[in-house]
Amino acid sequence: MRKWALAAAMAALFGMGAAEARTVRWAASGDPNTMDPHSQNVGTVTMVLQQIYDALIARNPQLGLAPGLATRWEQQEPNRWRFWLRDGVRFHEGEAFTADDVVFSITRALAPTSNFGIFVDTIERAEQVEPLVVDIITKTPDPILPNKLASIFMMSRSWSERNNAPRPQNTRAREEIFTVRNTNGTGAFRLQSREADVRTVLARNADWWGWREEGSREANVTEIVFRPIGSDATRIAALLSGEVDFVLDPPLQDLTRLRAAQGIRVLEGPEVRSLYLVFDTHRDELLYSDVRGRNPFRDLRVRQALYHAVDIQAIHRTTMRGQSVPTGTLFPPQVNGYVQAEDVRLPHDQARARALLTEAGYPNGFQITLDCSNNRYINDEQICQAIAAMWARVGVRTQLNAMPLAPFFAKIQREDTSVYMLGWGVPTLDALYSFQSLLATRNGAQGDGIWNYGRYSNPQMDALIQRMKTETGEARQAAVTEALRLYRTDVPHIPLHHQMIPWALRANIQMPHMANNQPFFRWARVN
């Protein structure tokens with residue numbers, strides 16, 4: 001460790017006084033599969049890296065925009081935004097933060113190996129104007145660029161280049177580079193040690209610029225110890241025994257017991273995340289089916305049949321124990337563009353499902369494999385088990401292939417799947433993010449279809465997405481509404497529900513419950 005970083009670590013621990021040192025032991029079911037801040041746009045990665053890295057623009061506890069590494073910004077021309085940077089900021093290893101690091105970070109996020117293209121898709125380049133002033137030039141006017149930049153972490157150019165990491169890790173190729181296990185941010189905590197799938201320790205950065213900001217002045221956490229614990233029973237036993245202090249994802253069946261437990265609090269609220277079943281509508285023949293020579297998911301009637309077969313109320317009542325919001329649309333009401341009139345599901349109707357399968361030429365159904373994570377979303381494997389049974393009742397014999405999040409994401413990103421369940425958050429809180437990521441045709445354009453691994457493609461949908469990128473006001477909302485209607489009628493996915501997120505923590509810990517399911521320990525206080 002460099003002397004500067006060691007001094008900062010000692011100041012973090014002892015500068016507050018030994019009596020004030022506070023450790024929070026945090027557990028969740030899954031572990032980040034990388035420490036590279038531009039490689040994987042996945043919540044399990046972001047939840048740790050946001051403690052370490054900062055963006056130009058931050059989010060407040062209500063998920064509104066706030067100054068981050070940029071103290072202010074303005075759109076000077078239709079295609080030019082200017083950002084004035086915070087003075088005196090240093091990375092954890094001592095390098096001063098300047099406009100050159102912003103230029104580098106934006107360029108790095110634009111690289112082909114980045115999974116953050118959706119946030120920089122309209123950016124042509126970044127330019128240094130002065131050491132603490134940077135311009136971002138877009139290819140077209142982008143009315144929501146500040147919302148996107150809140151998700152792009154800033155890195156040190158000199159550190160990245162010195163450690164042979166000028167571009168993001170290529171996770172599809174299972175590449176191992178320095179940034180997979182090492183970090184150097186400007187954030188409230190720095191990485192002290194990392195043992196993948198076992199333990200990650202973060203130490204307070206005493207020199208973080210934000211400790212004097214409103215919301216963080218009373219924060220007193222000096223150390224975070226994160227442990228992935230895959231077993232629900234073991235994770236909750238660790239909380240109840242005092243072995244851990246905070247569980248991000250308590251199982252729903254344990255909430256009643258946790259609410260009654262002495263010294264434990266349960267925080268609850270809706271998450272800006274929706275779950276869907278996604279079809280491979282691209283291949284001529286599915287990889288994992290007994291149908292030969294054709295792809296049943298290309299037929300709207302088959303997609304409708306499987307939609308009718310899903311009893312979402314049974315999943316809500318039994319599998320989710322009431323802790324979900326069934327939906328028929330792409331994103332929840334907190335997202336700009338939501339239209340209640342388009343939030344309508346196809347009804348559960350097994351007879352109609354069987355009739356549609358017969359009409360489509362599958363009177364005896366067919367066999368299919370459903371890919372699913374088992375430690376990423378709330379009761380994810382149980383949801384998929386329920387759906388597999390429901391599809392089997394209408395003749396679609398479904399083999400469930402459930403696996404931990406790291407191999408699951410690697411599998412679907414290789415497009416090695418025929419149908420899978422995906423949960424999708426909306427960090428920009430704007431409709432475009434979901435449409436562009438999940439439904440735009442994958443044509444090589446930066447960000448378009450970046451998570452569209454079923455390869456859905458509809459020129460009408462693409463045209464509406466292009467309108468969302470540049471139009472404003474009523475014209476933009478009209479495009480969103482029409483796209484939501486097309487989503488409902490074309491059935492590229494089967495929407496399931498919006499997640500409700502409970503957190504379980506010791507009663508002496510105060511921290512805001514975030515609708516993006518991302519804890520921020522820079523606002524946490526241990527009494």
Side-chain angles (χ1 to χ4, degrees), residues 63 144 147 268-279 281 300 303-349 352-353 356 377-380 383 386-387 390 421-440 451-452 454 456 458 460-461 463-465 467-468 471 473-501 515-517:
L63 298 183
I144 64 166
N147 300 65
E268 298 176 80
E271 184 183 8
V272 188
R273 183 177 302 279
S274 307
L275 269 64
Y276 329 88
L277 300 168
V278 183
F279 301 108
T281 57
L300 173 62
R303 302 196 300 273
Q304 289 173 329
L306 293 179
Y307 196 152
H308 280 295
V310 173
D311 185 348
I312 196 64
Q313 289 302 325
I315 292 173
H316 169 71
R317 184 177 60 253
T318 304
T319 309
M320 301 305 295
R321 298 173 185 254
Q323 294 290 305
S324 64
V325 181
T327 187
T329 196
L330 187 60
F331 42 74
Q334 302 100 314
V335 174
N336 176 46
Y338 173 83
V339 178
Q340 187 173 8
E342 298 303 326
D343 194 348
V344 180
R345 292 187 60 82
L346 288 180
H348 174 231
D349 188 336
R352 179 63 180 150
L356 284 166
Y377 313 112
I378 298 173
N379 284 359
D380 42 9
I383 294 168
I387 288 167
M390 292 168 184
M421 188 176 78
L422 179 71
W424 188 251
V426 191
T428 64
L429 298 180
D430 185 85
L432 175 62
Y433 180 77
S434 295
F435 278 112
Q436 186 180 4
S437 302
L438 301 176
L439 295 166
W451 278 82
N452 180 3
Y456 170 77
N458 184 322
Q460 185 181 354
M461 182 69 79
L464 291 167
I465 292 170
R467 285 174 54 191
M468 291 178 215
E471 293 182 353
E474 292 183 2
R476 186 174 193 264
Q477 183 58 53
V480 173
T481 301
E482 189 176 344
L484 287 171
R485 187 169 299 124
L486 180 59
Y487 177 78
R488 183 161 58 88
T489 57
D490 207 25
V491 194
H493 305 157
I494 298 176
L496 297 172
H497 58 244
H498 312 309
Q499 280 197 160
M500 296 285 291
I501 45 171
N516 60 0
N517 203 24

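Partners of Asp430 according to the salt bridge (Lys or Arg N to Asp or Glu O under 4.0 Å) rule, which considers only residues two or more places apart in sequence or in another chain, are Arg476. By the side chain to side chain contact (heavy atoms under 4.5 Å, CB included) test, Met461 is found to be paired with Phe435, Leu439, Tyr456, Asn458, Ile465, Ala483, Leu486, Tyr487, residues two or more places apart in sequence or in another chain being considered. Listed by chain and residue number, Thr481 satisfy the side chain to side chain donor-acceptor pair (under 3.5 Å) test with Gln477 (two or more places apart in sequence, or in another chain). Considering only residues two or more places apart in sequence or on other chains, Glu271 meets the side chain to side chain donor-acceptor pair (under 3.5 Å) condition with Arg273, Gln499. Residues forming a side chain to side chain contact (heavy atoms under 4.5 Å, CB included) with Gln313 (at least two apart in sequence, or on another chain): Asp311, His316, Arg317, Pro326. In this structure Asn452 satisfies the side chain to side chain donor-acceptor pair (under 3.5 Å) test with no other residue, sequence neighbours excluded. Scanning for side chain to side chain contact (heavy atoms under 4.5 Å, CB included) contacts around Ala353 gives Ala305, His308, Ala309, Val394, with sequence neighbours left out. Judged as a side chain to side chain contact (heavy atoms under 4.5 Å, CB included), and not counting sequence neighbours, the contacts of Asn147 are Arg59, Leu65, Ile144, Thr428. Judged as a ring-ring contact (aromatic ring centres under 6.0 Å, His included), and not counting sequence neighbours, Tyr377 has no contacts. Checked against side chain to side chain donor-acceptor pair (under 3.5 Å), Glu268 has the following partners two or more places apart in sequence or in another chain: Arg259.
Here the CD1-CG distance, from Ile494 to Leu275, works out to 12.5 Å after rounding to the nearest 0.5 Å. The line from CD1 of Ile383 to CG of Leu277 is 9.0 Å long, rounded to the nearest 0.5 Å. In this structure, the separation between OG1 on Thr319 and CD1 on Ile378 is 12.5 Å, given to the nearest 0.5 Å. Note: Asp380 CG to Leu422 CG = 11.5 Å, rounded to the nearest 0.5 Å. Separation of atoms CG (Leu300) and CG (Asp490) is listed at 6.5 Å; rounding is to 0.5 Å. Met421 CE to Leu496 CG: the interatomic distance, rounded to the nearest 0.5 Å, is 7.0 Å.
Under the 4.5 Å side-chain criterion, counting only non-hydrogen atoms from C-beta, Val426 is in contact with Val272. Using a 4.5 Å heavy-atom threshold, the side chains of Ile315 and Ile387 count as touching. Looking only at side-chain heavy atoms (C-beta outward), Gln460 and Glu482 come within less than 4.5 Å of each other. The shortest side-chain heavy-atom distance between His348 and Ile312 does not fall under the 4.5 Å cut-off.
Arg345 contributes no side-chain N or O that, together with a main-chain N or O of Tyr307, makes up a donor-acceptor pair within less than 3.5 Å.
The salt bridge (Lys or Arg N to Asp or Glu O under 4.0 Å) pairs that include a residue from residues 333-342 are Glu342-Arg485, Glu342-Arg488, where partners are two or more places apart or lie in different chains.
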Between side-chain atoms of residues 327-335 and protein atoms elsewhere (two or more places apart, or another chain), which donor-acceptor pairs fall under 3.5 Å?
residue : atom : partner : partner atom : Å
Thr327  : OG1  : Thr329  : N            : 3.1
Thr327  : OG1  : Asp343  : OD1          : 2.9
Thr327  : OG1  : His498  : NE2          : 3.2

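Nearest heavy-atom pair, Tyr276 versus Pro495, reported as atom, atom and distance to 0.1 Å: CD2-CA, 4.1 Å.
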Would you check, one step at a time, whether the test side-chain contact (heavy atoms from CB on, under 4.5 Å) holds for Arg303 with Thr281? CA-CA 10 Å; Arg303 302 196 300 273; Thr281 57; 4.2 Å; yes
